[in-house]
Each structure stands twice: as structure tokens, then as C-alpha cells.
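Since the structure comes first, as C-alpha cells, the remarks are kept for the end.
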2 protein chains.
Amino acid sequence: MGNNVTPHLPPAWRGWALMLAAAAATFLLGLLAASILQRREEARQKLPLQPIGQWETDSAKWGVNYPREYESYKRMTDSTARTKYGGSYPRDYLAETPANVILFAGYSFAKQYQQARGHAHSIEDVVETERVDDATPATCWTCKSPDVPRLMDKIGVAEFYASNFNSLEAEITHPIGCLDCHEPNTMRLRVTRPALREAFARRGKDLAQATHQEMRSLVCAQCHVEYYFKEDGDYLAFPWDEGAAPEEMEQYYDASHFADWTHAISRARMVKMQHPDYEIYKTGIHAYRNVACADCHMPYRTEGGVKFSNHHIQSPLLDVANSCAVCHRWSEEEIRRRVESNQDKVRQGRQMAERTIALAHFDIAAAMQAGAGDEELGDARKLVRKAQLRWDYVAASNGMGFHSPQECLRILAAAIESAGRSRVESARILARHGIDSPVNYPDFGTKEKAQAINEAFIEGRPSKLLRQ
Amino acid sequence: MGNNVTPHLPPAWRGWALMLAAAAATFLLGLLAASILQRREEARQKLPLQPIGQWETDSAKWGVNYPREYESYKRMTDSTARTKYGGSYPRDYLAETPANVILFAGYSFAKQYQQARGHAHSIEDVVETERVDDATPATCWTCKSPDVPRLMDKIGVAEFYASNFNSLEAEITHPIGCLDCHEPNTMRLRVTRPALREAFARRGKDLAQATHQEMRSLVCAQCHVEYYFKEDGDYLAFPWDEGAAPEEMEQYYDASHFADWTHAISRARMVKMQHPDYEIYKTGIHAYRNVACADCHMPYRTEGGVKFSNHHIQSPLLDVANSCAVCHRWSEEEIRRRVESNQDKVRQGRQMAERTIALAHFDIAAAMQAGAGDEELGDARKLVRKAQLRWDYVAASNGMGFHSPQECLRILAAAIESAGRSRVESARILARHGIDSPVNYPDFGTKEKAQAINEAFIEGRPSKLLRQ
């Protein structure tokens with residue numbers, strides 16, 4: 001305390017000396033400012049912009065006016081980048097987490113479930129997925145191409161959704177691009193997909209009132225959300241009428257007895273969640289501080305004195321220096337370690353939930369094999385539906401919980417709790433049918449083993465789950 | 001893009017104008033600097049410091065030299081401050097969360113469990129707690145008074161711990177104060193309690209090498225940690241030999257078959273966790289960024305040009321402007337909302353764990369009533385011990401998970417998972433004994449009801465848990 005080292009000048013003199021030094025520095029700053037302003041002026045000397053058609057779906061045409069944005073956009077063709085839990089390569093979720101095969105038994109996600117590659121691959125990836133067949137509705141195209149808003153304008157929104165997927169293949173050729181988020185010529189951000197606008201309207205909110213900063217997330221929220229196809233005409237809708245938390249979506253789905261499929265092992269009526277990225281992000285610290293999706297996934301860059309958004313949309317962990325480190329002045333390594341330490345915790349919570357829910361499905365199936373009927377199994381099935389809806393809300397989202405680790409872990413804890421209750425319920429039902437030994441769980445330790453188990457259940461020759 | 005509004009001056013002129021304005025501002029800054037330096041000089045004109053004795057336990061004597069620190073310290077006599085989940089008043093945890101009574105059945109914490117008041121009340125609060133009786137060892141004094149290091153020096157550390165609590169009451173009269181953390185005269189921070197130094201030494205670390213910033217947390221870690229009394233002589237020790245995560249502490253305790261008590265309902269051998277605040281803080285973002293306990297709980301203040309640490313140690317939520325807001329430039333209301341939103345999630349996870357663990361204890365008791373023996377119940381009891389150790393690691397800590405919400409929720413998820421597995425195990429055991437109906441759980445919805453349930457179990461007339 002009180003032992004600062006200061007030269008023995010009278011205090012007033014020190015102030016004057018400081019002032020002189022500052023004045024010299026100011027002179028140099030002035031020279032620098034003049035030079036910067038001159039360069040900016042030069043950079044603005046652009047060629048006149050080419051007009052862009054109202055339904056211009058070819059991003060290359062937009063790229064003539066915005067070469068930097070377009071060149072960075074084209075880098076999304078890369079499908080090799082890897083982070084600890086994400087990246088742009090087609091990571092095989094089922095091989096990585098075979099329990100997922102069991103959780104999706106009887107549903108297409110048990111056949112093939114891979115990490116999506118970059119936007120530039122949206123057309124080839126949806127066409128090639130094994131989840132698409134002759135009965136697939138055109139609704140599955142909705143997020144894949146700027147040809148979609150063009151077609152919706154041409155044939156009508158409801159008509160688009162009601163079409164067959166294959167019937168539109170010739171018309172839909174451009175991967176996700178400029179038109180999806182921008183108005184031609186003004187470049188204003190806009191929402192081109194009806195579902196987001198409709199979901200807002202049903203909650204009394206007008207998307208047209210959104211600020212530019214809000215739009216820098218809302219254009220992403222056109223697709224990076226939980227959605228479902230309404231039974232009538234496969235109309236795409238977001239289940240947000242009660243709110244965007246999993247409990248509120250559950251309330252929405254339960255009200256209409258909605259199910260995506262009936263589980264092949266437990267016969268529970270299940271809901272599949274689809275990447276509720278926006279919903280989870282909204283509960284996290286970055287949204288709380290008004291940081292938009294684009295701030296981290298499309299960080300500003302400067303080239304030749306011009307500032308632009310990097311349109312190579314990717315994990316911020318692949319560009320820490322321009323994303324995280326703009327606000328968090330730590331080393332890249334420190335940032336990565338901190339992010340991964342939170343993701344590790346979420347991964348651990350997911351794994352516990354995955355295992356508990358898989359066992360809960362088998363427990364119900366065991367009770368069926370012991371003679372339990374649908375009425376008796378009602379509560380156990382409701383609880384496993386509840387558990388899996390929560391788990392999937394987290395698991396289907398990108399970022400391994402990074403966008404809101406606290407909320408993700410809260411939800412996973414609730415998933416584990418419900419699955420545990422389902423298992424207790426099944427154990428009692430088994431007891432009622434004279435079974436008191438542990439269920440004979442089959443080995444689902446690899447994707448192939450798990451898929452073989454599912455096939456056997458589907459084909460009516462299920463694993464023998466009772467020991468007696 | 002490219003539509004900045006700038007006055008139509010040639011770029012070079014703009015730079016020169018900027019420079020002139022800066023020079024004027026610099027002149028005024030110089031005047032200000034001179035004035036500040038002069039004031040600092042005046043503030044340093046102190047009276048000579050009074051010498052402080054090596055074992056001066058009366059903080060008032062230290063206060064003669066350090067009036068600002070002492071005056072702020074004295075404000076810890078307040079026991080009315082409230083935050084959403086904490087504060088300095090004697091909050092009754094058992095009334096607030098009656099499930100806790102069930103979790104501690106057969107242990108003193110089921111009788112009385114209150115939020116500690118400020119350090120100034122440490123003597124009266126430990127003397128008055130209903131958990132102290134004639135058999136209480138002097139070890140319970142360890143964290144309560146600067147008279148403790150004085151006595152340890154006088155009679156020896158092991159001898160101190162081996163004494164009876166009541167036998168030292170006349171010697172221990174000063175509440176937690178200056179001597180506990182400071183070296184007299186130099187004011188250097190130091191560790192006066194052996195357990196922390198010993199725990200570090202066993203892991204090959206020398207506390208003497210700690211930096212000043214580390215010491216600003218380590219003085220707190222003398223007491224705000226998980227500790228236990230070694231069976232031999234009630235010697236105080238920290239269970240950190242395998243690490244400070246609950247899994248690692250569990251490994252440590254399991255290795256020596258340690259238990260604090262046997263649960264009155266389930267007969268499981270339990271471990272009570274004691275506020276592992278330091279351990280949890282070390283896994284959180286603030287520790288990661290090298291923010292010390294004192295930075296938030298004893299923030300710097302300035303009075304009359306002198307900077308000092310506020311020794312009114314309390315929840316930062318009671319002084320957001322001087323703690324959180326120094327780094328987080330948001331409104332106090334925004335900060336509080338964000339903190340509470342994380343605490344709400346942890347509270348929700350805790351509640352799920354509390355209920356699941358309470359039911360797990362009853363399930364085991366039900367199996368005992370159905371005729372199950374100790375060997376049969378071994379796994380179910382191990383799982384409930386595992387679950388409660390994790391839950392308590394979070395629940396016993398201060399801050400409702402704020403210090404590391406991700407880690408706390410990860411741990412709570414694991415607690416819920418283990419408790420669920422214990423319940424499945426018990427359901428199977430019940431089945432083996434012919435019981436297939438749900439356990440007849442007693443109503444533990446209030447502290448009084450829960451305490452009556454415990455009493456009945458202890459007195460050998462337990463609730464009838466079987467319906468048949």
C-alpha cells in the first residue's frame with residue numbers, strides 16, 4: 001500500500017511534461033488519420049453495379065457486384081474442416097453414437113444421419129440422403145435452394161408444400177445462396193421463407209419491424225429451427241405458439257397428439273426435433289448481449305480498406321481470431337479450450353441421456369414381451385416420449401450445446417429424469433407380469449449391431465428381452 | 001455499404017483539423033493529471049502505523065491502522081440482506097426444500113440447516129447451531145475464529161483437533177477476522193489453516209509459491225471447500241488427493257469406505273458435502289479468466305483518493321456496480337437477470353435431483369419392508385450414495401451454481417441418472433419379493449412432516465411403504 005515508484009518532480013510539472021508528450025503523439029496520429037481517409041476514398045471508386053433480377057437464383061450473378069462476399073461464399077464447397085464436435089465434413093452421427101440408432105428405431109434417421117456439409121452442398125446432400133424416397137413431400141426442399149421462394153411465388157406456397165419431392169427436382173438446382181437472405185439490388189436482409197413469418201405473426205409479432213441486427217440472426221432462423229410438417233398438405237410450420245422451450249413445444253405437440261413416427265421397439269409415439277439452433281441461441285449469453293448469428297459465423301473482415309461479412313459460414317472455432325477474439329481478448333488456444341470444456345460437459349449429459357432413453361425403450365418392449373398391453377404401458381411411453389423430445393432438442397442442434405450450455409444441460413437433466421421414471425414404471429409393470437430379473441438388453445455398441453436390432457424389431461422377430 | 005456521411009473537405013484537411021482538436025483536449029487532460037497527482041500525494045500523508053502483535057485476534061486493533069478495511073468489515077454484522085437465492089440472513093434451507101430433510105435422515109443436517117450469516121457472526125452461529133452437542137470435536141471450531149491458529153500454535157494442530165468443542169469455548173471468542181488471512185504488520189495474505197497447505201503438499205504443490213492474485217482466492221479456500229474429519233483424532237482434511245471433481249472425491253472416499261453417517265431410511269452409507277465453493281469456482285469462467293474470489297466478493301473501492309478492498313464480504317449481487325459491472329458494462333438489472341436465469345436452471349436441476357433421490361431412499365426402505373436384505377440392496381444403496389454425493393456437491397455450495405453453472409448442471413444430471421438407476425434396481429428387488437404396485441410414498445411436503453417421517457424411521461416405527 002502506498003509504495004508507488006514515481007520520479008521526484010513537483011506534481012504540477014509532471015502534468016505539463018505529460019501534456020507535451022501527448023501533443024507530439026497527436027501530431028503523428030493526425031498524419032495517420034489523413035492517410036487512412038485518403039485510402040478509404042480510393043477504395044470506394046467502384047464500377048457501377050449490375051442490376052440483379054427479382055428471382056436471380058444464380059449466386060454467381062450477384063457475385064459480379066459483390067466479389068468479396070461471393071468468393072468467401074464459394075469456400076463453403078470445402079467439406080473437410082473439423083472441430084472437436086463439428087465442422088463441415090459428413091460426420092456419421094450413427095457410427096459415432098450407436099445409441100442414436102436405437103432412439104430412432106423405425107424412423108428414417110436410424111438409417112442415415114450425418115452432419116450436414118456447407119450450404120454449397122445443399123442440393124446434392126438432400127438428393128443423396130437415404131431418408132428421401134418416392135413418398136417424400138416437396139416440403140423437404142424448403143430450406144435447400146433459392147429456387148424455392150421462386151417456385152413458391154410461381155405456384156403458391158401451399159401448392160409447393162403439397163407437391164412431390166421428385167417432381168420438382170428439375171426446377172431446383174441452385175444451392176442455398178444470395179437470394180435466400182437478400183433483396184436484389186438493395187441487398188437488404190429479408191426473410192424469404194413463409195414459416196418464420198407465419199410463426200411470428202401467430203404470436204402477434206411483425207417481422208417487418210425487426211432491426212438490422214435482429215435480421216442478422218432471423219435470416220438464419222428461417223431454417224435453423226425446430227419445424228414440422230402439418231398433416232394437412234405437409235405444410236411447414238414452427239411449433240412456437242406456446243413458446244420455444246422444449247416444454248412449450250411439447251405442450252404444442254401434445255395438444256394435437258402429434259407424432260413423427262411410432263417407435264419400432266417401444267411403440268411409443270415420438271417427436272423428432274430438427275436443429276432448434278435459433279431457439280437455443282436465444283437463451284444463451286450471446287443473444288442476451290445482442291450478438292447475432294452472423295457476428296460469429298460470418299465475422300466482418302477487411303480487405304483493401306473495405307469491410308465486408310465473410311460469407312464462408314462455418315464454425316467460429318475455425319476462425320477464432322476473427323470471431324470470438326474480437327470481443328474475447330484471449331489467445332485462440334484459451335478460447336478453444338474454454339468452448340470445448342463446455343461442450344465436453346454437454347456431450348457427457350447427452351451420453352447419459354442417450355443410454356437411459358435407449359434402455360427405457362427396451363424396458364417397455366420387455367414389458368410387452370411379458371404380456372403388458374397398450375393401456376398399461378401408457379405412462380411409460382409418455383415418459384420416454386417426453387425424455388427423448390428433450391434430449392433431441394439438444395442433440396439435434398448444432399454446436400454441442402455451445403450456444404447455451406446451461407440451458408442444454410438443464411434440458412438434458414430433465415430428459416434423464418423422465419427416462420428414469422419411465423424405467424421405474426416399466427420395472428413395476430414387468431413385476432406385475434411376473435418378471436423380476438434385469439432386462440436382457442441386446443448389445444447396441446456399434447451402428448451395425450444397433451441397426452440389426454431395429455430391423456429385427458421391424459420384421460417382427462425382436463430381440464428376446466426376458467431371461468425367463 | 002460505402003455510404004458513410006462525411007463533410008466534403010479534402011481528406012488531408014480533415015486529418016489536420018482532427019489533430020488540432022486533439023491537442024486542445026490534451027492540454028485539458030494535462031491539467032487534470034496534475035491535479036490528480038497532487039491529491040494522491042496528500043492522501044498518502046498517513047499517521048505512522050501502530051505495531052500489531054503476532055497473535056492479535058482482535059480485529060479492532062488492526063482497524064486502527066486500516067480504518068476503511070475495518071469499517072467495511074464491521075458491516076458484516078448485518079444479517080438482513082437478501083438475494084434471490086442467497087444473502088446474509090439465516091434462510092431455513094429445510095423449510096424451503098423439505099426434501100432435504102429426507103436426504104439427511106439420521107444426520108444432524110436434517111434437524112437444522114440454515115444459510116450462514118456474515119463472518120462477524122461466526123462464533124455465535126456455531127455455538128447456537130443444534131448440530132453441536134457434548135460429543136462435538138474442536139475441529140468444528142477450525143473455520144470460526146482467528147483464535148484457532150493462535151491455539152493451534154499454542155497446543156499443537158493434532159491436539160487442537162482432538163480436543164472437545166465445549167472445552168475450548170472460553171478461549172475462542174473473536175469472529176473470523178484480520179488474522180485469519182493477513183500477516184500482522186506486512187498485511188501479506190497468508191494461509192493460517194493447515195488443511196489447505198497439507199492438501200496442496202500431498203499433490204506436490206507448495207502454497208508458498210502462490211501469486212498474490214492466487215492468494216486472493218486461496219485465503220477463502222482455507223474454509224470454503226469440501227472437507228472431512230479423519231476418523232483418527234478428527235483431523236481436518238480435504239479429499240483432494242485424486243482431484244477436486246465430485247467423481248474424484250468419490251473415488252477418494254470410496255477407497256477408505258468413508259461415510260459421514262448411515263441413512264435412517266435407506267440404511268445407505270452417506271457422504272455429506274460441505275460447501276465446495278473453491279472447487280466449483282475453479283471450473284468456472286471467472287477462475288478461467290483469473291478473477292479471484294476477492295475481485296467479486298471484496299471489490300476495490302475508492303474513498304478520498306485511496307483505493308482499498310471492501311471487507312464487507314457478501315454476494316456480489318448486493319453490490320453489482322462495484323463487482324460485476326467493473327468488467328461487464330451492462331445495466332445492473334441486466335446483470336442480475338442474467339445471473340438469476342442461470343441460477344434458476346441450477347435450482348431446477350437440484351429440485352429434480354432432490355425428488356428423485358428422496359424417492360430412491362424410500363424405494364430401498366420399501367424393499368427392506370418387503371424382506372430384502374443388505375446384500376441384495378448393495379447396488380441400490382451404492383447408487384443412491386453416488387447420486388446424493390453429486391447433488392450435495394452442488395447443493396451445499398454457495399451461489400446456487402453461479403460459480404460454474406455448466407459444471408453444476410453436468411453434476412446434477414449425473415446425480416439424477418444414478419438415482420434413477422437406484423430406483424430401477426429397487427423396483428426389481430421389490431418384484432423379486434412379490435411387490436408390483438407403486439411404493440406408498442409418505443407426504444414430505446413440509447419440513448415438519450419430513451422431520452416426523454425421519455423420527456419415525458429412527459424410532460423403529462417407519463412409514464408403511466407397501467400397499468399390500
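Numbered from 1 within each chain, the chains take letters A, B, ... in sequence-line order.
- When all heavy atoms are compared, the tightest approach of A/Thr356 to B/Glu417 is OG1-CG, 3.8 Å.
- Neither the backbone nor the side chain of A/Ala353 comes within contact range of chain B, judged by heavy atoms closer than 4.5 Å.
- Closest approach of A/Ala431 to B/Ile435, counting heavy atoms only: CB-O, 4.0 Å.
- Both the backbone and the side chain of A/Gln406 come within contact range of chain B, each with at least one heavy atom under 4.5 Å from a heavy atom of that chain.
- Summarising the geometry of A/Gly284 relative to B/Arg338, their closest heavy-atom pair is C-NH1, 3.6 Å, with the distance given to 0.1 Å.
- Heavy atoms closer than 4.5 Å to chain B are found in both the backbone and the side chain of A/Ile285.
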Could you walk me through whether B/Arg423 and A/Arg421 satisfy the side chain to side chain contact (heavy atoms under 4.5 Å, CB included) test, starting with their C-alpha distance in whole Å, then the side-chain angles of each, then the deciding distance to 0.1 Å, before giving a yes or no? CA-CA 9 Å; B/Arg423 295 191 65 209; A/Arg421 280 163 61 204; 4.2 Å; yes
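- A/Ala427 approaches B/Ala427 most closely through the heavy-atom pair CB-CB, 3.5 Å.
- Closest approach of B/Met352 to A/Arg410, counting heavy atoms only: CE-O, 4.2 Å.
- Considering every non-hydrogen atom in both B/Glu334 and A/Tyr288, the closest pair reads O-OH, 2.7 Å.
- The part of A/Arg329 that comes within reach of chain B is its backbone (N, CA, C, O), which places non-hydrogen atoms under 4.5 angstrom from that chain.
- Proximity to chain B is absent for every atom of A/Leu412, based on heavy atoms less than 4.5 angstrom apart.
- Using a 4.5 Å cut-off between heavy atoms, A/Arg337 contacts chain B through both its backbone and its side chain.
- In this structure, B/Ser437 and A/Arg428 have side chains that are not in contact, with every pair of non-hydrogen atoms separated by 4.5 Å or more.
- Applying the 6.0 Å contact sphere to CZ of B/Arg355 captures no more than 12 heavy atoms from other residues, nucleotides or ligands.
- With rounding to the nearest 0.5 angstrom, the CG atom of A/Asn342 is 7.5 Å from the OG atom of B/Ser404.
- No other option in B/Gly401, B/Gly420, B/Ala413, B/Ser426 has as many heavy-atom pairs under 4.5 Å with chain A as B/Ala413.
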